[in-house]
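Side chains are part of it too, since the values below use all heavy atoms of this structure and drop only hydrogens, waters and symmetry mates. The sequence lines fix the lettering, A, B, ..., with proteins before strands; numbering per chain opens at 1. It should be emphasised that the depicted structure is a prediction, and the values quoted were computed from it without experimental measurement.
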2 protein chains.
Amino acid sequence: MATPDTRTQLLDAAERLFAERGFSGTSVRAITDLAGANLAAVGYHFGSKAELLTAVVRRVIEPITTEQLAGLDRLLARSPEPPVADLVEAFAGPLFDAMRTGDEGGARTSRLIVRIFGDPSEEMRSWTGSAENTLRDRYVAAFTRARPDLTQDELWFRIRGILAVAAVDRVDRHNQTPAPTDAPEPARRWAITFLAAAMSAPPSEPRAN
Amino acid sequence: MATPDTRTQLLDAAERLFAERGFSGTSVRAITDLAGANLAAVGYHFGSKAELLTAVVRRVIEPITTEQLAGLDRLLARSPEPPVADLVEAFAGPLFDAMRTGDEGGARTSRLIVRIFGDPSEEMRSWTGSAENTLRDRYVAAFTRARPDLTQDELWFRIRGILAVAAVDRVDRHNQTPAPTDAPEPARRWAITFLAAAMSAPPSEPRAN
DNA sequence: CCCTCATTCAAACGTTCGTTTTAATCAAAC
DNA sequence: GTTTGATTAAAACGAACGTTTGAATGAGGG
């Protein structure tokens with residue numbers, strides 16, 4: 001195998017360490033050590049530690065967003081009003097697919113996503129591009145058409161619930177379940193079932209004027 | 001109002017900053033500044049920054065755990081096999097009640113809980129006591145009786161889903177919904193509806209031998 | 001009044017942090 | 001063979017970090 005360039009190895013090492021220890025819990029020296037690179041390499045290739053974080057997050061998020069949009073396009077090409085279960089699968093599925101690619105069965109990617117979406121700090125929010133906004137708007141519109149009986153606020157709550165369940169997925173793994181090897185990815189199916197039922201629940205709002 | 005003692009003010013300041021910036025993102029100096037205390041006060045009252053974190057987490061988690069156990073006791077006193085919706089409410093309700101007490105409508109407590117449950121680092125896991133284990137075991141047992149058709153793994157996944165939805169609750173607030181003042185706490189009702197439906201979903205496992 | 005003891009204070013400890021600088025390296029272009 | 005331009009290497013920068021120290025403080029009991 002050809003040795004990957006320093007830039008890529010820095011991204012890999014940073015992605016791993018940011019997921020495990022967080023942004024401020026990871027030193028540039030720990031990253032360059034794990035990457036087998038010189039300390040100054042981060043400054044040279046990315047400018048600063050914060051810009052390295054942006055590059056890492058972008059590399060993780062972008063393929064997920066792309067797949068979420070493609071899935072929605074596929075659904076809308078078939079029907080103007082896709083059922084909620086299909087919308088759930090198109091939205092949550094790519095999150096699980098992305099998590100499966102990681103080394104420890106995606107636990108690391110999952111943890112990184114939790115940090116990305118849960119951290120209010122400016123550094124963690126600098127990556128958001130227009131693609132994420134249009135993604136969000138389009139799914140909200142699709143879900144609104146599928147569930148016109150729900151208040152906008154309650155619909156919002158449920159969509160955030162999808163993201164919560166998808167992201168937390170494997171984070172709590174450190175207590176049980178010894179064998180994730182034989183089963184390919186049951187969590188994805190469990191999540192779709194769980195979330196489709198949740199999204200199909202009748203409104204809990206007393207009225208929705 | 002009487003000035004609270006230094007120890008309490010340190011706990012308050014640390015709780016707030018840990019929630020906003022994380023453990024390693026918060027300096028002892030930032031805590032003591034916000035608390036209006038001297039730098040050495042942390043070492044004097046708690047021994048170290050890590051032990052201060054443990055005290056903060058315990059103060060947040062303990063009343064929640066207590067209320068969750070009390071709610072389960074109330075249910076079991078009425079019926080040996082409570083329905084899933086009641087179990088969901090007894091488990092998730094106290095999480096929302098705890099979140100409502102905070103200054104910004106519980107967003108801070110919510111964020112802290114996300115960090116507590118999502119962080120794999122040793123420091124963040126040092127607090128877990130026996131109460132949390134018995135809590136978990138008892139709810140798993142109750143849910144197992146309520147849903148004997150589910151695999152133990154899928155049931156586990158769903159219970160973690162409850163925690164995910166309850167914790168993430170208000171984390172994503174930074175984009176929309178200007179008015180959380182007039183509505184007291186609709187999120188709690190939304191979450192119960194959402195999660196009760198999710199927990200009542202038929203099994204997605206092909207078989208459950 | 002003085003002693004006691006818990007608490008607070010200013011100051012300094014050595015370490016680690018992110019970043020910058022300057023020189024060394026090296027393949028490709030001429 | 002030399003020059004060029006991009007990359008890597010070693011070293012140092014000041015700042016901020018968690019922690020420790022030893023003296024000041026001040027209320028309560030003798």
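- Scored by the side-chain contact (heavy atoms from CB on, under 4.5 Å) test, A:Glu51 finds A:Ser48 as partners (sequence neighbours excluded).
- A heavy-atom distance below 4.5 Å is found between the side chains of B:Arg108 and B:Arg16.
- The end-to-end axis angle of the helix from C:dT4-D:dA27 to C:dC30-D:dG1, rounded to 10 degrees and based on five pairs per end, is 0°.
- Every residue two or more places apart in sequence or in another chain that forms a side-chain contact (heavy atoms from CB on, under 4.5 Å) with B:Arg21 is listed here: B:Leu17, B:Thr26, B:Ala30.
- Qualifying side-chain hydrogen bond (donor to acceptor under 3.5 Å, both in side chains) partners for B:Arg158, counting only residues two or more places apart in sequence or in other chains: B:Glu154.
- Residues passing the side-chain contact (heavy atoms from CB on, under 4.5 Å) test with A:Ala14 are A:Phe18, A:Ile31, A:Leu52, A:Val56, sequence neighbours excluded.
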* For nucleotides 4-17 of chain C, read 5' to 3', which letter fits each nucleotide if B means a protein heavy atom sits under 4.0 Å from the base, S means only the sugar-phosphate is that close, and - means neither? -> --SBBBB-B----B
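- Partners of B:Arg147 under the salt bridge (Lys or Arg N to Asp or Glu O under 4.0 Å) rule, at least two apart in sequence or in another chain, are B:Asp149.
- Residues satisfying the side-chain contact (heavy atoms from CB on, under 4.5 Å) criterion with B:Ala40, sequence neighbours excluded, are B:Asn38.
- For A:Thr8, the side-chain hydrogen bond (donor to acceptor under 3.5 Å, both in side chains) test picks out A:Asp5, with sequence neighbours left out.
- For DNA chain D, the span of nucleotides reached by chain A at under 4.0 Å from its heavy atoms goes, 5' to 3', from D:dA6 to D:dA12.
- Judged as a salt bridge (Lys or Arg N to Asp or Glu O under 4.0 Å), the pairs with a partner in residues 68-77 of chain B (not counting sequence neighbours) are, in order, B:Glu67-B:Arg74, B:Asp73-B:Arg138.
- In this structure, the side-chain hydrogen bond (donor to acceptor under 3.5 Å, both in side chains) partners of A:Glu15, at least two apart in sequence or on a different chain, are A:Arg59.
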